[in-house]
Each structure stands twice: as C-alpha cells, then as structure tokens.
2 protein chains.
Amino acid sequence: MSYKRSFLMEERLADNRQRILKAARALVAEGGFNSASIAAVASSAGLSAGAIYRYFPSKSALFVEVLTSAIDHEIAILQDIVQGEGDVTARLRACVESFANRALEGPYLAYAFIAEPADEDVDEARLLGRIRFGEVFKSLLVEGIDKGEFPAQSIDIGAACIVGAFTEALIRPITPRSKRDARAELVEGIVAFCLRAVGAKVS
Amino acid sequence: MSYKRSFLMEERLADNRQRILKAARALVAEGGFNSASIAAVASSAGLSAGAIYRYFPSKSALFVEVLTSAIDHEIAILQDIVQGEGDVTARLRACVESFANRALEGPYLAYAFIAEPADEDVDEARLLGRIRFGEVFKSLLVEGIDKGEFPAQSIDIGAACIVGAFTEALIRPITPRSKRDARAELVEGIVAFCLRAVGAKVS
DNA sequence: TTTTTTTGTGAATCGCCATTCACTTCTTGG
DNA sequence: CCAAGAAGTGAATGGCGATTCACAAAAAAA
C-alpha cells in the first residue's frame with residue numbers, strides 16, 4: 001500500500017540534493033551570489049526551479065548550507081594543521097598559508113565567505129564562520145603564549161586581527177576585476193605580517 | 001526668456017541636496033543599506049520619492065556619494081595625523097586609534113564602509129576607499145622603514161593587512177547584535193597588534 | 001496677471017526573482 | 001497493466017522597491 005522509496009530512488013534523490021549544492025557552490029564560486037539565482041542553480045543542476053524546493057525550503061537555506069559546509073571543510077583542514085606537529089609558529093604559518101592559498105584558488109567563493117553581502121540568514125552563517133576561524137587562531141595563540149613562543153597578548157583581538165589581516169590582503173586580489181600573480185609573494189607577505197604581529201621569534 | 005534661478009532658489013536646492021545626503025547617511029548609519037530605501041530617504045529628507053531623482057540619477061549614485069564623502073572625511077583626518085609630529089610609531093598608533101574610535105561611534109556606518117554588500121557601483125566605491133586607506137598606511141610604513149623605526153617589509157601587503165586587521169576586529173562588535181563595552185581595551189589591543197606587526201620597537 | 005519653465009508629488013509602472021501550484025511524468029505496490 | 005502516491009515541471013503569482021510619469025504647485029519672465 002504505502003509508497004516506499006526503493007534504494008535506487010533514495011540514491012537518486014540524495015544525488016540530486018548533492019548536485020544542487022554543488023551547482024550552487026560552483027555558481028557562487030564563479031560569479032558571486034548575484035549570479036546564483038534559483039533558476040540558474042536549477043538549470044545547472046539539471047532540474048527545474050520548482051524541484052529545488054523539494055530539497056530546500058528556501059533559497060537562503062540552500063546557501064546557508066553551501067556556506068556552512070564549505071566553512072566546515074575549511075575549518076577541518078585548519079584543525080588538522082593545528083593538531084599537527086612542529087612548533088606553534090610553524091603551524092600558524094601553515095594555517096595562514098593554507099587558507100590563503102585556497103582562497104586564491106576560488107576567488108569568488110572566498111569572497112562570498114568573507115565579504116559579499118546577502119541574506120540576513122546567510123550573513124549570520126558567515127559571521128559564525130568567521131568566529132569559528134577566529135577560534136582556530138585563538139587556540140594557536142593560547143598554545144604559543146603558553147609555550148613561550150609568543151609574548152603575552154590579547155587572544156581574542158589577536159585572532160580577529162589575523163583573520164582580518166589576511167582576509168583583507170586577499171580580498172583586493174580576490175575582488176572581481178584584478179589579476180593575481182605573485183601569489184607566492186602575497187602569501188609570504190601575509191604570513192610574515194601575521195608572525196610579526198603575534199610576536200613569533202623567527203621572522 | 002530663459003529661466004534663471006534666484007539666489008534663494010539656488011540655496012534651497014543646494015540645501016535639499018544636502019538634506020538628502022544627510023538623511024541617507026543617517027539611515028545607513030543606523031540601519032545599514034537595507035533600511036535606506038529611496039522612499040525612506042525621501043521622507044526623512046522631507047521630500048517625495050520622485051524628487052530624489054532631480055538630485056541624483058539613481059540610488060547607487062546617491063549612495064556612492066554618501067560613501068565617498070564619508071571616506072574623504074575620514075581620510076582627511078588620517079592625513080592630518082600622518083603629517084603631524086612625533087615618531088612614525090606614535091602616528092601609526094594615533095591613526096589606528098582614531099579610526100577605530102570613530103568606527104565604534106557609528107557602528108553601522110563603519111560597517112557599511114567596510115563590509116556591507118550592496119550595488120556593484122557602491123562596492124566599487126568601497127573598494128576604492130579601502131585602497132585609499134591603504135595608501136595612508138603605506139606612507140607611514142615607508143617613512144617608518146626609512147627612518148629605521150620599522151624593519152624592512154612588504155609595504156603593500158602590510159598596509160592592506162593593517163586595514164584588514166582593525167577592520168575585522170571592529171566588525172565583530174560593529175555587527176548588529178552585539179554590545180560593545182571595553183572599547184578602550186579593544187582599541188588598545190588592535191593598536192598593539194598592528195604595532196607588533198610592523199615591527200615597531202616600543203610595544 | 002498671464003505665460004513659461006522648473007520643481008515637487010505620489011500613484012502607477014517595471015523589472016526582478018523567489019516561491020507556488022495545477023499539471024505531467026515517473027515509481028511503487030498490487 | 002492499473003491505481004495511488006511521489007517527484008518534477010515551468011508558467012503564473014506575488015512582493016518588493018527603484019524608477020517613471022502625468023499632473024500640480026511654485027517661481028521667473030513678460
């Protein structure tokens with residue numbers, strides 16, 4: 001009597017959902033939120049506009065998920081580095097480098113993470129993401145100070161400043177109309193700035 | 001034959017224009033771009049919506065002007081400090097303090113300067129503003145390195161990072177839903193971070 | 001004062017999308 | 001194969017707010 005989704009059906013549905021997310025991510029990545037209308041996402045995912053609403057209650061819910069999962073991924077990478085080996089200075093360096101490099105890959109996506117305005121809900125997710133990035137750096141700062149690698153300093157402010165510093169330095173090249181060469185130099189410059197800022201010994 | 005505006009008329013028109021700008025600024029300052037619809041600006045300036053278009057060709061033109069003139073003002077203040085007395089370190093400190101303090105006064109306006117997304121045109125103006133802020137810090141960095149107060153370092157990146165650092169540190173408290181106490185501490189923390197970052201001697 | 005030009009009004013238009021919905025197409029269970 | 005339920009479609013709807021426009025009020029010219 002009652003309808004029961006076959007395994008294959010379940011798969012297909014799940015797959016659709018993924019495809020929607022992926023399409024949305026890709027659109028944001030290459031053109032910012034503006035170019036990511038429901039219609040565009042739908043067609044790019046090979047579905048109709050209406051179908052999107054079988055998977056997500058609203059546009060912002062969709063993009064919150066896009067953002068959040070991208071951030072999750074990013075944070076996981078950073079966490080790995082933080083929990084890794086080496087002195088705190090080296091790990092801080094690695095975090096900044098890693099983040100910066102990835103940001104330089106997908107300009108718009110990073111831009112969207114960081115700066116592009118959108119929905120209230122999406123913005124909230126973004127803010128949360130920043131805070132989470134901040135936490136990662138906070139933990140490094142605490143450890144560094146503990147081990148005497150860094151001088152005493154305000155943890156919260158320092159963490160926010162680090163996030164802000166590389167964020168801003170990235171946004172200029174990230175921002176639409178500009179080439180990005182000298183990537184390595186840029187990243188190195190940012191790293192150096194951050195290390196000096198926290199008072200790391202090896203500059 | 002041809003119509004010629006009386007002096008009083010000219011005055012009144014100029015005054016209207018100013019009132020529109022002021023209303024727009026005020027609205028942005030207290031509620032961000034969202035709450036600054038043409039209708040709102042108009043009524044707050046004591047005019048009809050249609051009238052706005054006699055003074056500005058479009059909404060974005062209006063807001064570009066709001067933003068630009070606010071930034072001009074800000075830059076002028078910083079320039080003054082830069083051209084002032086004292087060693088470079090002290091002036092850098094003064095710049096960061098000054099900017100941060102003013103940002104903390106009018107949360108939303110600063111937020112709008114820095115982060116709130118809007119029109120393409122407005123964003124462009126914002127980007128330009130950031131670059132201009134960057135210039136100010138660049139000149140300080142150059143001077144500081146020249147005089148041996150700071151170690152050699154990448155000027156452009158350093159300047160961008162400074163702008164980014166205090167910007168981010170300010171945005172969190174600036175962002176709508178959060179109290180802001182401990183203002184002095186925050187500002188001091190940011191200053192300290194920036195000074196360490198440029199390698200200033202007195203920390 | 002009458003005429004002409006400019007300024008001001010605010011309701012109607014217009015464009016833009018997200019969201020909905022009546023309908024079609026596919027799945028499932030019999 | 002058929003009936004019932006689920007998924008998918010895409011044109012219509014609806015809301016929002018910038019922009020326009022036919023008209024009214026005010027100011028200058030005659």
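Bear in mind the structure is a predicted one, so any value in this text is a computation, not a measurement. Letters A, B, ... are given to chains in the order of the sequence lines, protein chains preceding strands, and every chain is numbered from 1.
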J.: How many Å lie between CD1 on Ile20(B) and C1' on dG8(C), as a whole number?
T.: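 Spelled out: CD1 on Ile20(B) to C1' on dG8(C) is 11 Å.
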J.: Can you name the side-chain contact (heavy atoms from CB on, under 4.5 Å) partners of Ser139(B), sequence neighbours left out?
T.: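 Listed in chain order: Val82(B).
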J.: Under the salt bridge (charged side-chain N to carboxylate O under 4.0 Å, His left out) rule, what pairs show up with a residue in residues 38-67 of chain A, not counting sequence neighbours?
T.: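 The answer is Arg17(A)-Glu65(A).
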J.: Any Lys/Arg nitrogen of Arg12(A) or Asp15(A) sitting under 4.0 Å from an Asp/Glu carboxylate oxygen of the other?
T.: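 No salt bridge links Arg12(A) with Asp15(A).
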J.: Between Arg5(A) and dG5(D), is there a contact of a side-chain N or O with OP1 or OP2 at under 4.0 Å?
T.: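 Checking Arg5(A) against dG5(D): no side-chain N or O falls below 4.0 Å of OP1 or OP2.
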J.: Using modelled atom types only, decide if a donor and an acceptor are shared between the side chain of Arg91(A) and the backbone of Gly86(A) within a distance under 3.5 Å.
T.: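 Flag set: sc Arg91(A) to bb Gly86(A) pair under 3.5 Å.
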J.: Give a yes or no on whether a salt bridge exists between Arg93(B) and Glu188(B), defined as a side-chain N under 4.0 angstrom from a carboxylate O.
T.: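 Judged by the 4.0 Å cut-off on N to carboxylate O distance, Arg93(B) and Glu188(B) do form a salt bridge.
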J.: Take atom CG of Asp119(A) and atom C1' of dC16(D), then tell me their distance rounded to the nearest Å.
T.: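 Nearest whole value for this atom pair: 14 Å.
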J.: Provide, to the nearest angstrom, the distance between the CD atom belonging to Glu11(A) and the P atom belonging to dT28(C).
T.: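 Roughly 13 Å, once rounded to whole Å.
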J.: When all nucleic acid strands are considered with a 4.0 Å heavy-atom cut-off, which category describes Ile52(A): base, sugar-phosphate, or nothing?
T.: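 If one applies the 4.0 Å heavy-atom cut-off, Ile52(A) turns out to touch nothing in the nucleic acid.
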J.: Please give, in whole Å, the distance from dT7(C) C1' to Arg17(B) CZ?
T.: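 These atoms are roughly 16 Å apart.
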J.: Passes salt bridge (charged side-chain N to carboxylate O under 4.0 Å, His left out), Glu135(A) versus Arg132(A)? Steps please.
T.: CA-CA 5 Å; Glu135(A) 304 291 348; Arg132(A) 292 175 61 202; over 6 Å; no
J.: Base contacts versus sugar-phosphate-only contacts with protein, heavy atoms under 4.0 Å: please encode nucleotides 17-27 of chain D as B, S and - from 5' to 3'.
T.: -SBB------S
J.: Using a heavy-atom cut-off of 4.0 Å across all strands, would you classify Tyr55(A) as base, sugar-phosphate, or nothing?
T.: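 Answer is sugar-phosphate: Tyr55(A) comes under 4.0 Å of backbone atoms only.
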J.: Starting at CD of Glu10(A) and ending at P of dA7(D), how long is that distance when rounded to a whole Å?
T.: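 Rounding to the nearest Å, CD of Glu10(A) and P of dA7(D) are 10 Å apart.
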J.: What is the distance, to the nearest angstrom, from the CG atom on Leu8(A) to the P atom on dT28(C)?
T.: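 Distance check: Leu8(A) CG to dT28(C) P gives 8 Å.
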